[in-house]
There are 2 protein chains.
Amino acid sequence: MAEIQSLARGLKILNLLEHSRNGMGTTEVANQLSIDKSSASRLLRTLANYGFVEQDEHSSRYRLGPQLLTLGQHLLNRITLRDHARPYLHELVDKTGECAHLAILAQRQALYIDQVESTAALRVESEIGTLSPLHCTALGKVMLAFGDGCLPDELRPFTHRTVTDRSTLEAQLTLTDGRGYAIDDEEYNYGVRCVAAPVYDHRGALVGAIGISGPAARVTLERIDEFGSVVKDTADALSSRLGYDERRKRGAERSQ
Amino acid sequence: MAEIQSLARGLKILNLLEHSRNGMGTTEVANQLSIDKSSASRLLRTLANYGFVEQDEHSSRYRLGPQLLTLGQHLLNRITLRDHARPYLHELVDKTGECAHLAILAQRQALYIDQVESTAALRVESEIGTLSPLHCTALGKVMLAFGDGCLPDELRPFTHRTVTDRSTLEAQLTLTDGRGYAIDDEEYNYGVRCVAAPVYDHRGALVGAIGISGPAARVTLERIDEFGSVVKDTADALSSRLGYDERRKRGAERSQ
DNA sequence: AAACAGTGTTGTATTTTTGGCAACACACAC
DNA sequence: GTGTGTGTTGCCAAAAATACAACACTGTTT
């Protein structure tokens, strides 16, 4: 006895209704799930009793109900970015073998709020709770390119590769925006390269960035795009986990 | 055969989980619903299989799952304010006996996008699609007091009661903000009084206003507060229908 | 250490619940 | 009128869900 069949069917109906524009009729649902009309009818009524679907008064078609909204919104209130990001950080470590980090924008800097360390002997140590500059870290550049982070008055150099020229940096950010992930090529610490990508919340607003950092010997320039797409994919997965719907444009428009 | 029992139980579990801060254990769920642990365990697993709940890896407690967020967000995209407002407009007509209207902010004016007419012989006629000034209509004042509507350069008078003095109007808007609904006391049309209240979306942003308008003979100054609270209550109900959670502050803050 | 009180999960047999067939009520097109 | 399409409801066989266990596991207490 693996699954409760009737519950599973009810949940399948909800998933079906998600993908229909104008709701679905009883028969239509029944056909899709290869069950009898009568079963579909009863399942739908039960779902309706609890507000998970609702029936259009006139057309008698069913569509998703307000209870899903209530539960979904409720969930959002309880979410903390960090809790939800953690498995994705682990995923990054597994796939890349490098340390993974989560940062948010705070006080015009990148605040590291979580990390998962790789098992490699040679690895980048960094501490949770530290603030890093935006202009020379991958996580920071994400805030600049995708969020509302703004540049400080002075672009302080940390290594000889640190970009201190505003227009050069602007061009780099445009490039970053285009490909979907940011790169730090030994611009903050010698011998360390980082890749990071943006994380959006349910509203489409940037809430943070996740990325990896590793020794330049392993994170080579040849492989950096490969790392980039892994980081981007993982970040996208996290975003959709937070309720971000790719189909919606960023910056949210008025309904109606 | 009224309800599918096992589906109903699954849905009840979701409702239960909504009200628990740190999720619930199998036994706890079973006790709350007066069912056996084993049943609860299997129901929870089924819910988990479809992402409606998820089990904490360590504590093995269950909490609401990401699928609810997906479905909820999806629902929001399909919602049109007008469709959802309609039954509430009917409710207003039923309770007040006056015509009810729905308006949104457009081109710095109040755009009437729906109405439900009362059956009274003497009633206010207005047309869907018309733009009305903000400073002398109840619906418009809602945009000014609760939304980001802004005043025109000139406060054009329509009746001798139209407020044309900016500071007087500002004071009135402060009052409006305090009580939660706006009043138009024959300021646009002679013999017509209106009451309106704000409608918020899931993000807490103002998306429109609903209200009633009726002949001054019926909508008397003595009864106007009574109408006001009816309109406000109905508007609040509509807002929560759109996913607006009163517990969250207006203007949405960053998560984490 | 060992017994204990929790937890959550899994087998199994009974029985309740469910699901499909059919008939029905209704709407709409022709 | 008939036709086809809805969605809903009775009914009974049949299957699925349930409750009672026993089980594995964790952490705590004695």
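Excluded from the calculations below are hydrogen atoms, water molecules and symmetry mates; all remaining heavy atoms, backbone and side chain alike, are included. Order of the sequence lines sets the chain letters (A, B, ...), proteins ahead of strands, with each chain counted from 1.
- Residue B:N31 contributes atom CG, which lies 13 Å from atom C1' of C:dG8 at whole-angstrom precision.
- D:dA15 atom C1' lies 11 Å from atom CZ of A:R9, rounded to whole Å.
- Contact annotation: B:Q5 does not reach the phosphate of D:dA16 (side-chain N/O to OP1 or OP2, under 4.0 Å).
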For the pair B:S41 and B:T26, evaluate side chain to side chain donor-acceptor pair (under 3.5 Å) and give the outcome as yes or no after the intermediate values. CA-CA 6 Å; B:S41 178; B:T26 307; 5.1 Å; no

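- Remark: B:R45 does not engage A:E3 in a salt bridge, criterion side-chain N to carboxylate O under 4.0 Å.
- Checking C:dG20, D:dT6, C:dT7 against the side-chain heavy atoms of B:T27 singles out C:dT7 as nearest.
- Taking side-chain N and O atoms only, A:T26 has a distance below 4.0 Å to OP1 or OP2 of D:dT8.
- Of the candidates A:L11, A:L44, A:L68, A:L64, A:F52 forms a side chain to side chain contact (heavy atoms under 4.5 Å, CB included) with just one, namely A:L68.
- The base of D:dA17 is not paired with the side chain of B:S6 by any donor and acceptor separated by under 3.5 Å.
- Nucleic acid contact class of B:R61 (heavy atoms, under 4.0 Å, all strands): none.
- At a cut-off of 3.5 angstrom, the base of D:dG7 holds no donor-acceptor pair with the side chain of A:S41.
- Remark: C1' of C:dT10 and CD of A:E3 are 16 Å apart, rounded to the nearest angstrom.
- For A:R45 and D:dG7, the shortest distance from a side-chain N or O to OP1 or OP2 is not below 4.0 Å.
- Regarding B:L7, its CG atom lies at a distance of 16 Å from the P atom of D:dA16, rounded to whole Å.
- Close to D:dT18, at under 4.0 Å from its OP1 or OP2, lies no side-chain N or O of B:S38.
- Straight-line distance from the CD1 atom of A:I4 to the C1' atom of C:dT17: 12 Å, rounded to whole Å.
- An OP1 or OP2 oxygen of D:dT6 is reached within less than 4.0 angstrom by no side-chain nitrogen or oxygen of A:Y62.
- Each of B:K37 and A:M24 lies near DNA chain D, and the nucleotide nearest A:M24 is the one positioned closer to the 5' end.
- In this model, the phosphate group of C:dT7 is not approached by any side-chain N or O of B:Q55 to a distance below 4.0 Å at OP1 or OP2.
- Here D:dC20 presents its P atom at 6 Å from CG of B:D36, a figure rounded to the nearest Å.
- Between the side chain of A:R42 and the base of C:dG20 there is at least one donor-acceptor pair of N/O atoms closer than 3.5 Å.
- Proximity of B:S39 to the phosphate of D:dA17: no side-chain N or O atom is located under 4.0 Å from OP1 or OP2.
- By the 30° and 60° cut-offs, the orientation of the rings of A:Y244 relative to A:Y200 is tilted.
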